[in-house]
Amino acid sequence: MKIATWNVNSLNVRLQHVLEWLDIANPDILVLQEIKQVTEAFPEDAFTEAGYVSIASGQKTYNGVAVISRSQSTDYVMDFPGFEDPQRRILACTIDGIRVVNLYVPNGQSLESEKYEYKLNWLQALQNFLGSEIKTHKNLVVLGDFNIAPDDRDVYDPEKWREDVLCSPAERAALKKIIDLGFVDVFRQFEQPEKTYSWWDYRAAGFRRNAGLRIDLILASNNLATICEASYIDREPRSWERPSDHTPVLAEFSA
DNA sequence: ATGGTCGGGGACCGA
């Protein structure tokens, strides 16, 4: 079972990249963020032709999440219970007995911004939701664009980013509380090359200089983590023409 | 700086 996450920064623009990558990587499940289109515009037929079923939760212009899978998905959740939010940032479903939670965590903009407050509130709602999900689903995988670099190892220039959004102590503490519910950041279960990132700024030749961050994560429940056989980042699509600023992150599970 | 969206210029958003 190969599971992947990719923030595509507009599926309208990136559909051919996604189809090409599905053909190369052949994941069983691919979750997407920032599809930036209304649900009705989601290109379901293109994924059907590629041999996948899909489900999307979109909105105009911003955000939007989708799940593409070889097997049918069921039991959808597209909102945190009791947390009013017009922004489409979560899509939970069950596939082949695995509970999959696809996330597009708010960016936060800056530590002084109201969007940062929204980010922290959103992370609290996520923690509440996952606290309940993990009780009912032994095999749970939570993956997506977390917009948090968990550790200084995940930042190309930690000193520069120390008190900045994506790296601030409050965000990292919120992530730790979520992981402490009973998850493993599976990428760190395995030996990895130094300076491995999942996002690079379009500006100032970020990718060429490898000035990146690891902010796209795959958290497996402790039970599921025991059958995780590999986790890695595929830099290739970031080198394609007119790429997303993120690249796919993968994990492989036995059975 | 760069890229996407909406809209028809330039503001907003991203990380």
Side-chain angles (χ1 to χ4, degrees), chain A residues 5-18 31-43 56-66 85-90 102-123 126 143-175 185 187 195-217 233 235 237-249:
Chain A
T5 176
W6 193 3
N7 178 324
V8 292
N9 188 17
S10 169
L11 189 55
N12 290 321
V13 174
R14 230 69 66 190
L15 178 60
Q16 290 313 312
H17 278 27
V18 174
V31 307
L32 304 176
Q33 304 86 35
E34 283 205 275
I35 63 173
K36 292 187 172 180
Q37 62 194 169
V38 294
T39 306
E40 295 70 33
F42 181 78
S57 177
Q59 68 179 88
K60 192 176 174 174
T61 311
Y62 302 119
N63 312 311
V65 284
D85 190 0
Q87 301 189 27
R88 304 293 80 198
R89 295 179 174 277
I90 172 173
N102 176 18
L103 302 179
Y104 177 44
V105 178
N107 172 283
Q109 193 174 54
S110 72
L111 302 200
E112 301 76 30
S113 171
E114 284 179 11
K115 290 176 191 149
Y116 181 73
E117 198 180 334
Y118 164 64
K119 181 179 194 174
L120 294 178
N121 290 337
W122 196 96
L123 288 166
L126 173 64
L143 74 171
D145 179 354
F146 279 70
N147 270 320
I148 301 170
D151 198 271
D152 281 354
R153 288 179 294 176
D154 304 310
V155 182
Y156 70 97
D157 186 347
E159 288 311 314
K160 179 175 183 279
W161 285 77
R162 186 154 309 285
E163 296 299 325
D164 221 335
V165 71
L166 312 195
C167 297
S168 73
E171 291 165 74
R172 285 178 169 173
L175 177 61
D185 176 2
F187 180 81
K195 305 183 194 315
T196 301
Y197 308 122
S198 65
W199 168 88
W200 297 265
D201 202 317
Y202 285 122
R203 300 166 292 184
F207 186 60
R208 184 181 57 71
R209 296 188 297 119
N210 195 31
L213 306 173
R214 189 177 70 93
I215 53 177
D216 300 271
L217 310 178
I233 294 176
R235 292 170 52 98
R238 187 61 176 81
S239 71
W240 293 348
E241 195 175 339
R242 211 180 171 197
S244 168
D245 45 354
H246 297 250
T247 210
V249 180

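Keep in mind the model is a prediction, meaning the values are calculated, not measured.
Taking the nucleotide of DNA chain B with the nearest heavy atom to each of A:Gly108 and A:Thr61, the more 5' of the two is matched to A:Thr61. Position along DNA chain B of the nearest nucleotide to A:Pro243 versus A:Val105 favours A:Pro243 as the more 5'-ward residue.
Rounded to an integer number of Å, the gap from OH of A:Tyr62 to P of B:dG3 is 18 Å. The distance from atom CH2 of A:Trp199 to atom P of B:dT2 is 14 Å, rounded to the nearest whole Å. Between the CD atom of A:Gln59 and the C1' atom of B:dC12 there is a distance of 14 Å, rounded to whole Å. Rounded to an integer number of Å, the gap from A:Tyr202 OH to B:dG3 P is 7 Å. We find that CG of A:Asp245 is positioned 14 Å from C1' of B:dT5, with the value rounded to whole Å. Between A:Glu114 atom CD and B:dC13 atom P there is a gap of 11 Å when expressed in whole angstrom units. A straight line from CG of A:Asn147 to P of B:dC13 spans 15 Å, rounded to a whole angstrom. For A:Lys36 and B:dG14, the NZ to C1' distance is 7 Å, given to the nearest whole Å.
A salt bridge links A:Arg214 with A:Asp185: the closest approach of a Lys/Arg side-chain nitrogen to an acidic carboxylate oxygen falls below 4.0 angstrom. For the pair A:Arg172 and A:Asp152, the salt-bridge criterion is met [side-chain N within less than 4.0 Å of a carboxylate O].
Regarding contacts with the backbone of B:dG14, every side-chain N or O of A:Arg203 stays at 4.0 angstrom or more from both OP1 and OP2. Between A:His246 and B:dG14, a side-chain N or O to OP1/OP2 separation shorter than 4.0 Å is absent. A:Ser10 has a side-chain polar atom (N or O) that falls below the 4.0 Å cut-off from OP1 or OP2 of B:dT5. Between A:Tyr104 and B:dA15 there is a side-chain N or O to OP1 or OP2 distance below 4.0 Å. Under 4.0 angstrom from either OP1 or OP2 of B:dG3 there lies no side-chain N or O belonging to A:Arg14.
Distance check on atom P: B:dG8 versus B:dC12 gives 15 Å, rounded to whole Å. When the P atom is used for both B:dG7 and B:dA11, the distance is 16 Å, rounded to whole Å. Comparing the same atom, P, in B:dA1 and in B:dT5 gives a spacing of 22 Å after rounding to whole Å. Here, B:dT2 and B:dG10 have their C1' atoms 16 Å apart, quoted to the whole Å. Here, B:dC6 and B:dG14 have their P atoms 15 Å apart, quoted to the whole Å.
Atom NZ in A:Lys36 sits 10.0 Å away from atom CG in A:Asn12 (nearest 0.5 Å). Atom CG of A:Asn7 and atom CZ of A:Phe146 lie 13.0 Å apart (nearest 0.5 Å). Atom-to-atom distance recorded for A:Asp145:CG and A:Asp216:CG is 4.5 Å, nearest 0.5 angstrom. To the nearest 0.5 angstrom, A:Trp200 atom CH2 is 5.5 Å from A:Thr247 atom OG1.
Of the nucleotides present, none pairs with B:dG8 by Watson-Crick or G-U wobble criteria with both distances under 3.5 Å.
Using a 4.0 Å heavy-atom cutoff across all strands shown, A:Asn7 reaches sugar-phosphate atoms only and no base atom. A:Asp145 comes within 4.0 angstrom of the backbone, heavy atoms only, and of no base. Residue contacts shown for A:Glu34 are limited to sugar-phosphate atoms, with no base heavy atom under 4.0 Å away.
For A:Lys115, the side-chain atoms get nearest to B:dC13 when compared with the rest of B:dC13, B:dT2, B:dA15. Taking only side-chain atoms of A:Val13, from C-beta outward, the nucleotide of B:dG4, B:dA1, B:dG3 with the closest atom is B:dG4.
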